[in-house]
Structures are given as C-alpha cells and as structure tokens.
2 protein chains.
Amino acid sequence: MNKINKNKSFSVGRLTKIKKAIIIILSENHCFLSKAGLIEKLNDIKINPNRSTIYRELQFLTKSGIIIKNTISGTDYYEIPKDHHHHHHLVCLSCNRIEKVKITNQLKKQEKQIAKQKNFNIINHSLEFYGYCQKCQV
Amino acid sequence: MNKINKNKSFSVGRLTKIKKAIIIILSENHCFLSKAGLIEKLNDIKINPNRSTIYRELQFLTKSGIIIKNTISGTDYYEIPKDHHHHHHLVCLSCNRIEKVKITNQLKKQEKQIAKQKNFNIINHSLEFYGYCQKCQV
DNA sequence: ATATTTGCAAACGTTTTGCATAGTG
DNA sequence: CACTATGCAAAACGTTTGCAAATAT
C-alpha cells in the first residue's frame with residue numbers, strides 16, 4: 001500500500017532494464033518529460049525500446065500509480081510525483097512553450113475540503129495558466 | 001479588440017450556419033463539450049457537418065479566441081469562456097468521469113502576480129484534481 | 001465577383017493489437 | 001517452469017490536407 005494510490009494496489013511487474021531505466025530517468029528528471037524526451041534519454045544510455053513497448057510501459061506505470069500523466073496542448077508528459085517539487089505551468093498559446101512556475105498557494109487546503117465535501121480521493125492536481133509569453137506579446 | 005484576446009486580433013470569418021450553430025451551442029451549454037458531444041448537439045438540430053469542417057471550425061474559433069480548448073485525459077473539450085461560470089474539474093482516474101467543482105480561491109490574485117513577475121499575459125487557466133470518485137473507491 | 005467555407009477522399013502520424021520470441025522471477 | 005515483457009508488422013484511430021464545388025459578403 002503506497003501513498004500514491006490508496007485505492008487500488010497494483011504490482012510493479014517485473015523489473016526489466018527498460019522499466020528500470022524509465023523509472024530512473026523520470027525520477028532523476030527535475031520536470032516532466034514527453035514521450036519523445038523520454039525516448040531521447042533512453043537512447044542516450046543505449047536503450048532503444050520498440051514504440052509499442054514504450055506505450056505499454058507508460059500505460060502500465062501510469063495505471064500502477066508510479067508515474068502520472070499530464071496532457072498539455074495535446075502532448076502527454078510524464079513524471080514521478082514528488083510533493084516538494086510540485087509546480088504548475090505557464091503555457092504560451094502562440095509558441096506553445098511551457099514554463100514551470102511555483103505559486104504560493106493553498107491548494108492543499110482546498111483539496112482536503114473537496115475530498116470531504118465530494119467524497120473524492122484526490123491523488124494529485126494540475127494547474128495550467130494559458131496566455132502569451134513575453135516574446136509572443138506583439 | 002476583445003477581452004478574450006488582447007494580443008492578436010482575428011476576424012470571426014463568415015458567419016455560416018455551421019459556425020453560428022457551434023457558437024450558439026457552446027454558449028448555451030453550461031459546461032464544456034467534447035467534439036463528440038458537440039456533433040451530437042449539431043445533429044439534434046439537423047446539422048451534419050463533415051468531420052474536417054468540425055476540425056477546421058474548432059481550430060479556427062480557438063485561434064480566434066472565441067472559444068477555448070481544454071484537454072483532459074486525452075480528450076479535447078471546448079467552451080466559450082465566461083468569467084462568472086468559471087469552474088474546475090474533478091477527474092476520476094478509474095472511471096474517467098469528470099465533475100465540475102467551484103472552489104473559492106484567489107487564483108485571480110495569483111494570475112496578476114504571475115503576469116507581473118513573468119511578464120506573461122494570462123488569458124485563462126485550467127485546474128484539474130485527479131483522484132478517485134465515490135463509486136471507484138473500493 | 002471574390003474570397004471563404006464546405007465535402008470528399010486520400011494521406012498522415014500516433015496509438016493499439018495479435019502473435020511469436022525472449023527474458024524474468 | 002510459468003508467466004510477463006518485448007519486438008515486429010499490421011490494424012485502428014483521430015486528425016490533416018488538396019482540391020473542386022458551394023456559399024457568404
């Protein structure tokens with residue numbers, strides 16, 4: 001029983017080199033990674049898995065609650081949730097660049113309130129601000 | 001020059017019956033709509049546009065800033081932004097059901113702060129809480 | 001009259017699937 | 001040994017594109 005998923009328990013499956021590598025890369029990465037970014041980093045360490053393996057593995061790890069998926073502007077990003085690294089995003093509607101941003105908020109308090117009110121067990125949240133970055137403000 | 005998009009001005013284009021219908025349906029809808037949901041509502045009023053027309057129109061209206069797109073768990077949803085109807089979402093990781101939720105927050109205040117700090121012109125934001133709904137808490 | 005919008009069919013890229021093989025526990 | 005993970009090729013899926021006809025201004 002882990003902190004990430006209180007409701008269901010899944011096996012992590014067999015610790016193959018591909019799975020191990022994905023988990024290590026994601027856990028060492030300071031931010032989230034797209035599929036393409038992950039594949040690049042895998043290739044860097046001479047691991048070249050098949051496309052379907054990547055898809056299956058990411059799906060599996062997401063369902064297991066080991067990693068979380070966040071879709072921004074049509075692209076999926078993956079990360080291993082770490083409370084102390086939690087941040088949000090500024091997404092430029094023009095150039096699509098994504099910037100991390102930390103805001104001093106009390107979403108945790110809100111989460112507890114919602115959990116109680118709606119009987120909804122919140123695992124994590126995502127907050128994105130959409131707009132125009134400095135460069136794209138004509 | 002409208003409130004929705006301060007940076008770029010786009011034409012709304014020609015007001016064809018399809019475009020009119022999409023705008024009316026989205027503006028009358030209390031919440032956001034998926035592509036499938038929109039098509040269903042169009043069909044209800046005997047408008048059966050081609051797939052590519054829907055794609056092109058939604059893309060066009062999104063770029064124009066008339067409607068906004070929000071991608072949750074891989075599905076795109078569209079809505080006409082209305083400040084007083086603004087809300088956030090509870091997304092169940094198990095059954096994928098999406099529930100609206102209003103939280104009393106000061107994200108507006110945060111937005112102003114970020115806008116100043118990062119010189120980022122925020123048009124809107126999206127906040128989703130991921131977790132397990134009542135039914136799916138085994 | 002002219003420029004935009006539409007439908008159609010084909011192309012495209014991404015994700016998923018079935019199956020035989022390789023690898024893990 | 002039994003079962004899971006992998007690679008491969010094909011299929012499925014959603015989305016985009018080029019072009020000719022229809023439509024709005």
Side-chain angles (χ1 to χ4, degrees), chain A residues 8-26 32-79 93-94 96 98, chain B residues 8-26 32-78 93 96 98:
Chain A
K8 324 232 163 181
S9 19
F10 294 96
S11 131
V12 184
R14 296 187 174 169
L15 262 186
T16 60
K17 76 171 184 196
I18 293 177
K19 186 177 291 169
K20 233 183 274 180
I22 290 176
I23 293 174
I24 288 171
I25 286 171
L26 287 180
F32 56 26
L33 266 176
S34 66
K35 224 157 284 173
L38 174 65
I39 291 171
E40 207 176 297
K41 282 188 188 289
L42 284 167
N43 293 345
D44 285 351
I45 55 172
K46 306 278 177 270
I47 296 178
N48 305 69
N50 189 269
R51 254 174 303 228
S52 36
T53 304
I54 293 281
Y55 280 105
R56 280 190 279 229
E57 205 53 69
L58 287 175
Q59 209 169 283
F60 176 83
L61 290 173
T62 305
K63 281 206 176 130
S64 308
I66 311 282
I67 67 178
I68 57 168
K69 185 175 86 169
N70 191 4
T71 307
I72 299 179
S73 308
T75 305
D76 294 337
Y77 295 91
Y78 299 87
E79 66 181 321
L93 293 167
S94 177
N96 288 315
I98 298 172
Chain B
K8 325 232 164 185
S9 18
F10 294 95
S11 130
V12 183
R14 294 183 175 173
L15 262 185
T16 61
K17 75 170 184 201
I18 294 177
K19 185 176 294 171
K20 236 183 272 182
I22 291 176
I23 293 174
I24 287 171
I25 286 171
L26 287 181
F32 57 26
L33 266 177
S34 66
K35 224 157 285 174
L38 174 65
I39 290 170
E40 207 177 296
K41 283 189 188 284
L42 283 167
N43 293 344
D44 286 351
I45 54 172
K46 305 276 177 274
I47 295 178
N48 305 69
N50 188 270
R51 254 174 304 217
S52 37
T53 305
I54 294 282
Y55 281 105
R56 279 189 280 230
E57 203 57 68
L58 288 175
Q59 209 169 287
F60 177 83
L61 291 173
T62 304
K63 282 209 176 128
S64 307
I66 310 285
I67 67 178
I68 58 168
K69 185 175 87 169
N70 192 2
T71 307
I72 298 180
S73 308
T75 305
D76 294 336
Y77 295 91
Y78 299 87
L93 292 167
N96 287 315
I98 298 173

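If you're wondering where the values come from, they're calculated on a predicted model, not measured in any experiment. Throughout, protein chains are lettered first and strands after them, A, B, ... in sequence-line order, and every chain is numbered starting at 1.
- When the salt bridge (charged side-chain N to carboxylate O under 4.0 Å, His left out) test is applied to A:Lys35, the partners found at least two apart in sequence or on another chain are A:Asp76.
- In this structure, CD on A:Gln59 lies 10.5 Å from CD1 on A:Ile67, to the nearest 0.5 angstrom.
- Looking at the side chain of B:Gln59, the nearest of the listed nucleotides D:dG7, C:dG7, D:dT16 is D:dT16.
- As rounded to whole Å, 10 Å separates atom P of C:dT16 from atom CG of A:Leu58.
- Scanning all heavy atoms of the two residues, the minimum distance from A:Phe60 to A:Val12 falls at CE2-O, 3.1 Å.
- When the C1' atom of C:dT5 is taken as reference, atom CD1 of B:Ile47 falls 14 Å away, rounded to whole Å.
- Evaluation of the salt bridge (charged side-chain N to carboxylate O under 4.0 Å, His left out) test over residues 50-61 of chain B, restricted to residues two or more places apart or in two chains, returns B:Lys19-B:Glu57.
- Rounded to whole Å, atom P of D:dT23 lies 11 Å from atom CD1 of B:Ile18.
- A distance of 13.0 Å separates CD1 in B:Ile68 from CG in B:Leu61, rounded to the nearest 0.5 Å.
- Note that CG of B:Asn70 and OG1 of A:Thr71 are 10.5 Å apart. Values are rounded to the nearest 0.5 Å.
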B/S/- along nucleotides 18-25 of chain C (protein heavy atoms under 4.0 Å) is B----BBS
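- The ring-ring contact (aromatic ring centres under 6.0 Å, His included) search around B:Tyr77 returns B:Phe32, not counting sequence neighbours.
- Here the P atom of nucleotide C:dA10 and the OH atom of B:Tyr55 are 18 Å apart, to the nearest Å.
- Rounded to the nearest 0.5 angstrom, A:Ile25 CD1 and A:Ile23 CD1 are separated by 11.0 Å.
- Between the C1' atom of D:dA24 and the CD atom of B:Glu57 lies a distance of 13 Å, rounded to the nearest Å.
- Contacts of residues 35-44 of chain B with DNA chain D (heavy atom under 4.0 Å): B:Lys35.
- Rounding to whole angstrom units, OH of residue B:Tyr78 and C1' of D:dT15 are separated by 10 Å.
- Rounded to a whole Å, the CZ atom of B:Arg51 is 13 Å from the P atom of C:dA10.
- Atom-to-atom, CZ of B:Phe60 to C1' of D:dT16 comes out at 17 Å; the value is rounded to the nearest Å.
- Remark: B:Thr53 is in phosphate contact with C:dG7, judged by side-chain N or O atoms under 4.0 Å from OP1 or OP2.
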Anything under 3.5 Å between a donor and an acceptor, one on a side chain of residues 36-48 of chain B, the other on a protein residue two or more places apart or in another chain? List them.
{"from": "B:Asn43", "atom 1": "OD1", "to": "B:Asn48", "atom 2": "ND2", "distance (Å)": "3.3"}
{"from": "B:Asn43", "atom 1": "ND2", "to": "B:Ile39", "atom 2": "O", "distance (Å)": "3.4"}

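- Side-chain proximity of A:Pro49 to D:dT15, D:dA5, D:dG7: nearest is D:dG7.
- Between D:dC8 and A:Asn50, a contact under 4.0 Å exists linking OP1 or OP2 to a side-chain N or O.
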